[in-house]
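Please read the structure below before turning to the comments.
So that the names make sense, note that chain A is the first sequence line, chain B the second, and so on, each numbered from 1.
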Amino acid sequence: MRSCRSRRSCRRGSRPAASWPCTATSSCRSRACSPRSSGSASRSTRPTSSYEAAGTTELNIGSPKQLGELLFDKLGLDTKGVKRTKLGWSTEADTLEALVDAHPVIRPILDHRELMKLKGTYLDALPPLVNPATGRVHTTFNQVVAETGRLSSQDPNLQNIPIRSELGRKIRRGFIAAPGHVLIAADYSQIELRILAHLSGDPLLGSAFRDHVDVHTQTAAEVFSVPREQVTAEQRRIAKAVNYGLSYGQSDVGLARALDVTRTQAAEYSRRYFQRFPTIHKFMEDIVTLARAQGGARTLLGRWRPIPNLTSKSPQARHAAERMAQNTPMQGAGADLIKLAMLATARRITRENWPVRMLLTVHDELVFESPPSLADEVGAALQQEMESVYQLSIPLEVDIGIADNWADA
DNA sequence: ATATTCACG
DNA sequence: ACGTACGTGAATATT
């Protein structure tokens, strides 16, 4: 994948970067930390800030320990429900989100966190890694670290390039095809839920996939007892969390946290879900029983993962092992299928003698580079190859995107 | 070396 | 009362 030189969206130095470490001055309260002209704080001219009122003159916002002390010990924000860490109070994003109305400094801190994450991990790190000979960044894939059979990517990790936030999407937009080429992104649609439908044999989930019904809408219709046409966006959002959480052993409390609802409400969603999808309920129980008897879990194509703690005396370790036993067959089958897809697409490209390269694999997605004149034909062929790598009881579907950059593909 | 946080599927 | 979806890798701070 080519680096982002000569692209408008990733021009470096066009905007001043935030200084680091960022000292808390009054400017940090209203917006993310601004760069200062010199490294030393202008103590003599700085206006009184709430930090000084709190007995604090300087703070490394990058230190969770210092930040927790400031928010919870000095400013006295409500610590009810705030998790403790070994070093003090947790300041993770979920914790801070709950406090945005409690103090005006919280939102700027969250914004600062996002900016520093993206700058430090991607904007600063990636450009120096461009290989001068190829003009691209090259990752290293590891085939033997992930217990489920997934590949991992390191130095740099190209499997965690941002996309979820608007700002993150701009970073992904910096990954572009070679001059005169386009990227073809081919991703499996809801691969793990399809695998769950296949492995469990659940008739309702299976028919949703076979009838090309949106599964989250379908689940919402069941959980909320309304016709599919009347499912609201909010109900679909809840159903999506239920689908992805409960089928992997997420607890009521975990679901409550994910959805920001009460434990009672989450338990009600859970109850209704398993009442409507009893086959999935039984499958999730059986899979743990089987794994306990055998000492591990096996994926679709036979990869074995030992899970010793299924018989641990520690309830915490045992429960964690049970969730691994529930998750491994699905995540592992997804890994099996994408590997088959890599083989099938590579063979097809070779057989057709297309001037097309496979660039990346990202768990349920493959990224290729193609001349634009061939892209539609190649994309359709790759889609067909990927959808037919393995016959499940429900269809596999692949979405194809074509663009000159990874964000739009 | 370990802890915390957060980027992705 | 506890602790509560799975799988990764990287950056920074702390010890």
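- Take Glu365(A) and apply the salt bridge (Lys or Arg N to Asp or Glu O under 4.0 Å) test, not counting sequence neighbours, and it matches no residue.
- In this structure, CZ of Arg263(A) is placed 13 Å from C1' of dC2(C), rounded to the nearest angstrom.
- A search for salt bridge (Lys or Arg N to Asp or Glu O under 4.0 Å) contacts involving Asp214(A) returns Arg236(A), not counting sequence neighbours.
- Using a cut-off of 4.0 Å between Lys/Arg side-chain N and Asp/Glu carboxylate O, Glu166(A) and Lys170(A) are scored as not salt-bridged.
- The same atom, C1', is picked in dA7(B) and in dC2(C); the two are 30 Å apart, to the nearest Å.
- Counting only distance, with no hydrogens or angles, the side chain of Tyr269(A) and the backbone of Leu255(A) share no donor-acceptor pair below 3.5 Å.
- When heavy atoms are screened at a 4.0 angstrom cut-off, Ala335(A) is found touching no nucleic acid atom at all.
- Both key distances under 3.5 Å define a Watson-Crick or G-U pair, and stretches of 3 or more such consecutive pairs in DNA chain C run B:1-9 with C:6-14.
- Applying the salt bridge (Lys or Arg N to Asp or Glu O under 4.0 Å) rule to pairs touching residues 186-198 of chain A yields Arg150(A)-Glu192(A), Arg194(A)-Glu397(A), sequence neighbours excluded.
- If you take CZ of Arg113(A) and C1' of dA13(C), they are 12 Å apart, rounded to a whole angstrom.
- As rounded to whole Å, 11 Å separates atom P of dA10(C) from atom CD1 of Ile161(A).
- Shown here are the salt bridge (Lys or Arg N to Asp or Glu O under 4.0 Å) partners of Asp94(A), two or more places apart in sequence or in another chain: Arg257(A).
- Taking 4.0 Å as the cutoff to heavy atoms of chain A, we find the contact window on DNA chain B bounded by dA3(B) to dG9(B).
- Judged as a side-chain hydrogen bond (donor to acceptor under 3.5 Å, both in side chains), and not counting sequence neighbours, Gln316(A) has no contacts.
- The same atom, C1', is picked in dT2(B) and in dA5(C); the two are 25 Å apart, to the nearest Å.
- With sequence neighbours left out, the salt bridge (Lys or Arg N to Asp or Glu O under 4.0 Å) criterion links Asp376(A) to no other residue.
- Separating the CG atom of Leu59(A) from the C1' atom of dA13(C) is a distance of 13 Å, rounded to the nearest angstrom.
- For His319(A), there are no ring-ring contact (aromatic ring centres under 6.0 Å, His included) partners at least two apart in sequence or on another chain.
- The same atom, P, is picked in dC6(B) and in dA1(C); the two are 30 Å apart, to the nearest Å.
- Residue contacts for Ala258(A): at a heavy-atom cut-off of 4.0 Å it reaches no nucleic acid atom on any strand shown.
- For the salt bridge (Lys or Arg N to Asp or Glu O under 4.0 Å) condition, the pairs that include at least one residue of residues 272-296 of chain A, sequence neighbours left out, are Glu222(A)-Arg276(A), Lys282(A)-Asp286(A), Arg292(A)-Glu322(A).
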For nucleotides 5-9 of chain C, list the nitrogen or oxygen atoms of the protein found under 3.5 Å from its nitrogen or oxygen atoms, one pair per line.
{"from": "dA5(C)", "atom 1": "OP2", "to": "Ser251(A)", "atom 2": "OG", "distance (Å)": "2.6"}
{"from": "dA5(C)", "atom 1": "OP2", "to": "Gly254(A)", "atom 2": "N", "distance (Å)": "3.3"}
{"from": "dA5(C)", "atom 1": "O3'", "to": "Arg323(A)", "atom 2": "NE", "distance (Å)": "2.8"}
{"from": "dC6(C)", "atom 1": "OP1", "to": "Arg323(A)", "atom 2": "NE", "distance (Å)": "2.8"}
{"from": "dC6(C)", "atom 1": "OP1", "to": "Arg323(A)", "atom 2": "NH2", "distance (Å)": "3.2"}
{"from": "dC6(C)", "atom 1": "O2", "to": "Gln331(A)", "atom 2": "NE2", "distance (Å)": "3.1"}
{"from": "dG7(C)", "atom 1": "OP1", "to": "Arg305(A)", "atom 2": "NH1", "distance (Å)": "3.1"}
{"from": "dG7(C)", "atom 1": "OP1", "to": "Arg305(A)", "atom 2": "NH2", "distance (Å)": "2.6"}
{"from": "dG7(C)", "atom 1": "O4'", "to": "Gln331(A)", "atom 2": "OE1", "distance (Å)": "3.1"}
{"from": "dG7(C)", "atom 1": "O4'", "to": "Gln331(A)", "atom 2": "NE2", "distance (Å)": "3.0"}
{"from": "dG7(C)", "atom 1": "N3", "to": "Arg150(A)", "atom 2": "NH1", "distance (Å)": "3.4"}
{"from": "dT8(C)", "atom 1": "OP1", "to": "Val145(A)", "atom 2": "O", "distance (Å)": "3.4"}
{"from": "dT8(C)", "atom 1": "OP1", "to": "Glu147(A)", "atom 2": "N", "distance (Å)": "3.0"}
{"from": "dG9(C)", "atom 1": "OP1", "to": "Ser152(A)", "atom 2": "OG", "distance (Å)": "2.8"}
{"from": "dG9(C)", "atom 1": "O4'", "to": "Asn157(A)", "atom 2": "ND2", "distance (Å)": "2.9"}

Identify each donor-acceptor pair in which a side-chain atom of residues 336-350 of chain A lies under 3.5 Å from a protein atom, sequence neighbours left out, and give them as a table.
{"from": "Asp336(A)", "atom 1": "OD2", "to": "Thr299(A)", "atom 2": "OG1", "distance (Å)": "2.7"}
{"from": "Asp336(A)", "atom 1": "OD2", "to": "Leu300(A)", "atom 2": "N", "distance (Å)": "3.4"}
{"from": "Asp336(A)", "atom 1": "OD2", "to": "Leu301(A)", "atom 2": "N", "distance (Å)": "2.9"}
{"from": "Lys339(A)", "atom 1": "NZ", "to": "Gly149(A)", "atom 2": "O", "distance (Å)": "2.8"}
{"from": "Thr345(A)", "atom 1": "OG1", "to": "Ala341(A)", "atom 2": "O", "distance (Å)": "2.7"}
{"from": "Thr345(A)", "atom 1": "OG1", "to": "Met342(A)", "atom 2": "O", "distance (Å)": "3.2"}
{"from": "Arg348(A)", "atom 1": "NE", "to": "Glu352(A)", "atom 2": "OE2", "distance (Å)": "2.8"}
{"from": "Arg348(A)", "atom 1": "NH1", "to": "Glu385(A)", "atom 2": "OE2", "distance (Å)": "2.7"}
{"from": "Arg348(A)", "atom 1": "NH2", "to": "Glu352(A)", "atom 2": "OE2", "distance (Å)": "3.3"}
{"from": "Thr350(A)", "atom 1": "OG1", "to": "Ala346(A)", "atom 2": "O", "distance (Å)": "3.0"}

